Amino acid sequence: MAIITLTSDYGTKDYFTAAIKGAILSEAPEAQIVDISHKIAPFNIEEAAYILKNAYHHFPQGTIHMIGIDAEATSSKAHIICKVDGHYFIGADTGIFSLMFPLFKPEQIIALNIAQEDDSIPFPMKDVFVKAACHINRGGTLQVIGRQIDKLKDLIDFQPVLSADRKTLNGQVIYIDHYGNVISNITHKVFKESFASSEFEIKLPRKYSIKTVHKSYSQVTEGEMLALFNSAGHLEIAINKGDSNAANGASGLLGIKIKDRISIEFL
Amino acid sequence: MAIITLTSDYGTKDYFTAAIKGAILSEAPEAQIVDISHKIAPFNIEEAAYILKNAYHHFPQGTIHMIGIDAEATSSKAHIICKVDGHYFIGADTGIFSLMFPLFKPEQIIALNIAQEDDSIPFPMKDVFVKAACHINRGGTLQVIGRQIDKLKDLIDFQPVLSADRKTLNGQVIYIDHYGNVISNITHKVFKESFASSEFEIKLPRKYSIKTVHKSYSQVTEGEMLALFNSAGHLEIAINKGDSNAANGASGLLGIKIKDRISIEFL
Amino acid sequence: MAIITLTSDYGTKDYFTAAIKGAILSEAPEAQIVDISHKIAPFNIEEAAYILKNAYHHFPQGTIHMIGIDAEATSSKAHIICKVDGHYFIGADTGIFSLMFPLFKPEQIIALNIAQEDDSIPFPMKDVFVKAACHINRGGTLQVIGRQIDKLKDLIDFQPVLSADRKTLNGQVIYIDHYGNVISNITHKVFKESFASSEFEIKLPRKYSIKTVHKSYSQVTEGEMLALFNSAGHLEIAINKGDSNAANGASGLLGIKIKDRISIEFL
């Protein structure tokens, strides 16, 4: 039984997602369709990359992930199947694949040649990606529906930068989650590689700072600020139960926004 | 394996939708349940009709569509199964069926005689529609659970009107989608039937106007206004990637609201 | 085929829910996963208890209900499987079980001994509860994954209080639903037990009052205020189609909030 996941900026009100599910079930009645998120900010591929790369690997190998963000094909933006890490990703070549997998080499990249129906209005997620997903689900060869290519659009995310004296690791805020937790681009891996001293200070906007990385939210008392590496491995600034009054968590209470700087100074 | 879809104004927080899914799975454990939308504005059957009529036909024939909007039966509003276009629709006779299918003649209309349980509080979507859906799913005869009738409540949507001199097609805004795109009641079909000249001007509120119908969003540069027939076949006013800054797309940027006039003047 | 339901305060944007679904489908590919609600206010176990207790019993016996609210285990808050009424509930012992089942004696209570993976960041819903759910789904003995205990954290909800002269039943608002309907903690059962006279007055904030309990919304004209026992059996104050203009229903129109007093005076 195929698992097909959907990630989009469609929201949850319109008919778009249901039309896609209907089209999938018409071709593959036994498919397990799972919504990853339809609340991606419109056209925001950075946000989509963060969410999908932290969701996909929990699914079994062979899962098909459809991406409905900025999905119109243009002369410079092909429709792609990208096989990475045993999973299939179908979407437009917006750069999202390079954001999700800066280090992985895709096992296979196919530029799709499935055309929109004549005279139809563009709805590539339904007209093109569903056909590609059902083709994969039937065990079809990828070359039948496209041609192999070897390069994808390369977007480079702002990566944390270690200062020349190796004393400061400069990162930035890449995501605010539902609890108002502030997620930075400093991963546990980068932190360990840059690690210069067990004494350090995490510098936040507005002169806030934190000197410890905790292992869980409940290691501090309620209402207290903390830093921890979250379940995606990113350095996160949170306030323990900060949003229990819907006051919007660390982001709202500390006034921290996406793209704000977060740096670690090793003392 | 039956497919049962749900459309309602329940929102996504309360227990209503889950109770219905539990009741369905108790009777039909193998059912594929698909949410069309639970974000219909409360009691807004026009909105529900627009969303459901553009979603249902992507599902396989025989799919059962339950409608949980204004679903309380009254002396003038029966509970109905309406079979149209090979699909089953179950809902209260609010007029939604006539809005969805102004041109189709239903293959069968049944006024349900499934009673609420004695003394129970009304929850017809769960108590009545689930029973009807599971009866259909078991292959039961419709007459067992109701009596055939031949008329449904007839609501007439505001249709675009062509002026006497056939120079102006007057329509209005019927829906604003998640991207802030403005959807009119002028369909591609009506446009072609009224077509008087390849030169025309689409007149919008606040003196905005557009002289071309494009085939896709990306045919104009980002931030530019355009008109196109959307994937539902309706004339839509959009701003290419207008909502990428969450500025609410064409609706917000141009100040266009539901029921505003949109007309086409043939030159 | 196992049914596993999910209730959380995760919202619908982040990767959390999808990660859990992926983890479940990796272990139990045939599972039916149903979202109860992910819109619980952060850390609000009262709200979660109200929603889950009114949803779960519509599912078949043996259904597994996972609760992702305030789920971090601490020295005073164990991870629990609680079997009640033929259903399995998995969550942290926040007191939610006592709020859901003040009267039921659980058939079995297990304190889980499934550890987080070493050095991993806490995501107990995925790392612990999914394992427990899949163990139950495979028919495993509960004692294998925990030890039997006999007490859960006991939270006592504010219950309606009958005055000494048995003339006044004092309750309060516990929930505002999607339509702005005001839900009180006065259940039909308590109302009948306290019933002192067929003449009574329901006293609301701001000097509003109601003298009748109706059986359905449509028994009053549109825009009129009414009281009824809702499908969960709780006394509810509503305005018939009050939210059809998105004016937020009874809560918004009457200015009634959670924890406001609602009392019944028997005349």
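Since the structure is predicted, the reported quantities are computational estimates derived from the model, not experimental observations. Residue numbers begin at 1 in each chain, while the letters A, B, ... track the order of the sequences. Only heavy atoms go into these numbers, but all of them, side chains included; no hydrogens, no water, no symmetry mates.
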Student: If you compare all heavy atoms of B/Thr12 against all heavy atoms of C/Ser37, which two are closest, and at what distance to 0.1 Å?
Tutor: O-OG, 3.6 Å
Student: Under a 4.0 Å N-O cut-off, is there an ion pair linking C/Lys241 with B/Asp70?
Tutor: yes
Student: Just by modelled atom types, is the C/Tyr217 backbone N or O under 3.5 Å from a matching donor or acceptor in the B/Glu72 side chain?
Tutor: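 Yes; at least one donor-acceptor contact below 3.5 Å.
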Student: Can you see which heavy atom on C/Asp177 is nearest to which on B/Phe16, and at what distance?
Tutor: OD2-CZ, 3.8 Å
Student: So which atom in B/Ala18 and which in C/Ala55 form the shortest heavy-atom distance, rounded to 0.1 Å?
Tutor: CB-CB, 4.0 Å
Student: Any chance you could measure C/Glu30, atom CD, to B/Glu30, atom CD, to the nearest 0.5 Å?
Tutor: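 Here the interatomic distance stands at 14.5 Å.
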Student: Output the distance between atom OH (B/Tyr15) and atom OH (C/Tyr56), rounded to the nearest 0.5 Å.
Tutor: 13.5 Å
Student: Just so I understand: if I count every heavy-atom pair under 4.5 Å between each of C/Leu52, C/Asp35, C/Asn54 and chain B, which residue has the most?
Tutor: C/Asn54
Student: Counting heavy-atom pairs under 4.5 Å with chain B, which one of C/Asn230, C/Val34, C/Ile36 comes out on top?
Tutor: C/Asn230
Student: Please examine the side chains of C/Gln32 and B/Ile33, heavy atoms only from C-beta on, and report whether any two atoms are closer than 4.5 Å.
Tutor: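 Counting from C-beta outward, B/Ile33 and C/Gln32 never come under 4.5 Å.
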Student: Relative to chain B, which segment of C/Gln61 carries a heavy atom at a distance below 4.5 Å: side chain, backbone, both, or neither?
Tutor: neither
Student: May I ask you to test the C/Tyr179-B/Asp9 pair for a side-chain heavy-atom distance under 4.5 Å?
Tutor: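 Yes, their side chains come closer than 4.5 Å.
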Student: Which atoms form the tightest heavy-atom contact between C/His58 and B/Lys126, and what is the distance?
Tutor: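 Here C/His58 and B/Lys126 meet closest at CE1-CE, 3.2 Å.
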Student: Can a donor-acceptor pair be found between the side chains of C/Tyr175 and B/Asp14 at a distance below 3.5 Å?
Tutor: yes
